[in-house]
> 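Here it is, the structure, as structure tokens.
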Amino acid sequence: MRERAATAAVAAGLVQHEKWLWGLCYRMTGSSADADDLVQDTFVRAMERPPARTDEPIGPWLLRVATNLGRDALRKRRRRRYVGPWLPSAIDTEEIAPLEIPGEGGTEGRYDVLESVSFAFLLALEVLTPNQRAVLVLRDVMDRSVRETAEALGMSEANVKVVHHRARAALAPYEEQREQGRPLQETAKLAGVALERFLGALAAGDEAALMEILASGADSWADGGGEYLASRIIVAGAPRVARMFLGLTKKGTPIARFELRNVNGVPALVAERPPAHATEAPRFVMSCDVDREGKIVRIYTVLATGKLTHVARLAA
């Protein structure tokens, strides 16, 4: 009877907390596929070995299990060799409800819902150790207190404070750029305008117009995951970036369908095409970061199939 009650309580808790658990796991790993697996693994563990107390909220217990599974997944991923630049998975953010965070902690969240799933932020987190990332995500994104974070990670509160301090120090370059930029919503609008201008100049084959849109130190990251043709290095400098995209446009199969959609918190091009050969990606997502003047400083292109599972297909 007690076991049946425990199972029922766990099942109800899983349904209630599924969305924010996914959001936690995605921010921990930057991978939608890993987030899917981690939520399922958390559910399996909860059903097989439910918490002993059924009269207490299950949220903290699920948080602990999911965060520790996330740390393990991050360690495993970093031991694997990756072909070319690594980018986070692209995710639709037209509807942000699945990513919202229940605020139960003792601090004000440093990073809001959309900033914490942006490519710039998720890439910045890659410099952190798995422990540092877990602490920073719990403290500064999930808005958990020192005590809650310590309990979730099996650390002392003093250790949490030390790791948190080191994590913030490691993110200093990101914080400096963040403080020099515009508010997030304004930056997203500028990025959308810049992307549309970039795509228009690209369609016209106008290199001079491309150079006007790109900051001098602009770079381009393309993630084909070793599956599709993509640059295996980060292409740096406005002239090289412009020439590369002009060359790809001339040689590649024309886009059949496209849509500008909100992806990872910013306007992005979602495109589909019938590939001419097996190494050409049938789908891709392109977005950009901009500086205060609205010039493009970085272009992200995600082509790997496994990185696009949470971006809806275009209507035929």
Side-chain angles (χ1 to χ4, degrees), residues 1-80 88-105 109 113-114 116-117 122 125 130-131 133-145 147-155 160 264 304-312:
M1 195 66 180
R2 182 178 297 176
E3 289 181 1
R4 188 178 301 172
T7 301
V10 168
L14 295 179
V15 172
Q16 179 185 355
H17 297 298
E18 180 177 5
K19 289 181 178 179
W20 73 257
L21 279 175
W22 192 92
L24 164 67
C25 293
Y26 176 71
R27 292 171 174 97
M28 274 292 298
T29 63
S31 166
S32 58
D34 283 347
D36 290 341
D37 291 342
L38 291 170
V39 171
Q40 289 304 310
D41 289 346
T42 300
F43 284 14
V44 169
R45 186 165 298 190
M47 299 304 291
E48 290 179 347
R49 299 191 296 276
R53 297 284 298 272
T54 59
D55 58 336
E56 294 180 348
I58 196 173
W61 186 89
L62 292 172
L63 178 75
R64 181 169 65 252
V65 173
T67 305
N68 285 288
L69 288 172
R71 280 194 297 183
D72 291 342
L74 197 56
R75 292 185 184 107
K76 289 176 184 176
R77 193 195 83 205
R78 291 182 175 181
R79 288 197 293 266
R80 296 192 296 266
S89 299
I91 58 171
D92 275 320
T93 47
E94 295 286 347
E95 173 55 58
I96 66 169
L99 298 167
E100 288 178 346
I101 303 158
E104 299 171 1
V113 174
L114 290 179
S116 64
V117 296
L122 293 171
L125 293 186
N131 267 351
R133 185 163 181 159
V135 168
L136 188 124
V137 167
L138 290 179
R139 292 283 290 127
D140 290 345
V141 177
M142 304 304 289
D143 195 26
R144 293 314 190 247
S145 66
R147 177 183 58 78
E148 289 172 312
T149 302
E151 289 174 355
L153 299 175
M155 300 165 61
V160 164
N264 290 80
T305 303
K307 298 286 184 78
L308 298 173
T309 56
H310 282 257
V311 175

> Whether the side chain of Arg147 engages the backbone of Ser145 through a donor-acceptor N/O pair (distance < 3.5 Å, no angle test) should be reported.
no
> So, do Glu151 and Val160 sit near enough that their side-chain heavy atoms are less than 4.5 Å apart?
no
> Are Leu138 and Leu63 close enough that some pair of their side-chain heavy atoms sits under 4.5 Å apart?
yes
> Is the backbone N or O of Gly23 less than 3.5 Å from a side-chain atom of Arg27, with the two atoms forming a donor-acceptor pair by type?
yes
> Report the relative orientation of the aromatic rings in Trp20 and His17; use parallel for angles under 30°, tilted for 30 to 60°, perpendicular for over 60°.
perpendicular
> Of all heavy-atom pairs between Tyr26 and Pro88, which one has the smallest distance, and what is that distance?
OH-CB, 4.1 Å
> Looking at every non-hydrogen atom in both residues, tell me the closest pair between Ser89 and Gly306 and how far apart they are.
OG-O, 4.3 Å
> Checking Glu18 against Leu62 for the side-chain contact (heavy atoms from CB on, under 4.5 Å) test, could you report, in this order, the C-alpha distance in whole Å, the side-chain angles of both residues, the deciding distance, and whether it holds?
CA-CA 10 Å; Glu18 180 177 5; Leu62 292 172; over 6 Å; no
> At their closest point, which heavy atom of Thr29 faces which heavy atom of Ala35, and how far apart are they?
OG1-N, 4.4 Å
> Taking all atoms of both residues into account, what is the closest heavy-atom pair of Ala90 and Val311, and its distance?
O-CG2, 3.4 Å
> Output all residues satisfying side chain to side chain contact (heavy atoms under 4.5 Å, CB included) with Ala304, sequence neighbours left out; order by chain, then residue number.
Asp223, Glu227, Lys307
> Of all heavy-atom pairs between Leu74 and Pro130, which one has the smallest distance, and what is that distance?
CD2-CA, 3.8 Å
> Can I get a per-line list of side-chain donor-acceptor pairs under 3.5 Å for residues 39-48, giving both atom names and the distance, sequence neighbours left out?
residue: Thr42; atom: OG1; partner: Leu38; partner atom: O; Å: 2.8

> For Ala134, enumerate each residue passing the side chain to side chain contact (heavy atoms under 4.5 Å, CB included) test, keeping only those at least two apart in sequence or located in another chain.
Met28, Thr67, Arg71, Leu153
> How many angstroms lie between CG in Leu69 and CG in Asp34, if you round to the nearest 0.5 Å?
11.0 Å
> Judged by modelled atom types alone, do Arg139 and Thr149 share a side-chain donor-acceptor pair under 3.5 Å?
no
> Working to the nearest 0.5 angstrom, can you tell me the gap between Ile91 CD1 and Asn264 CG?
5.0 Å
> Can you name the closest pair of heavy atoms from Leu24 and Ala66 and give their distance?
CD2-CB, 4.1 Å
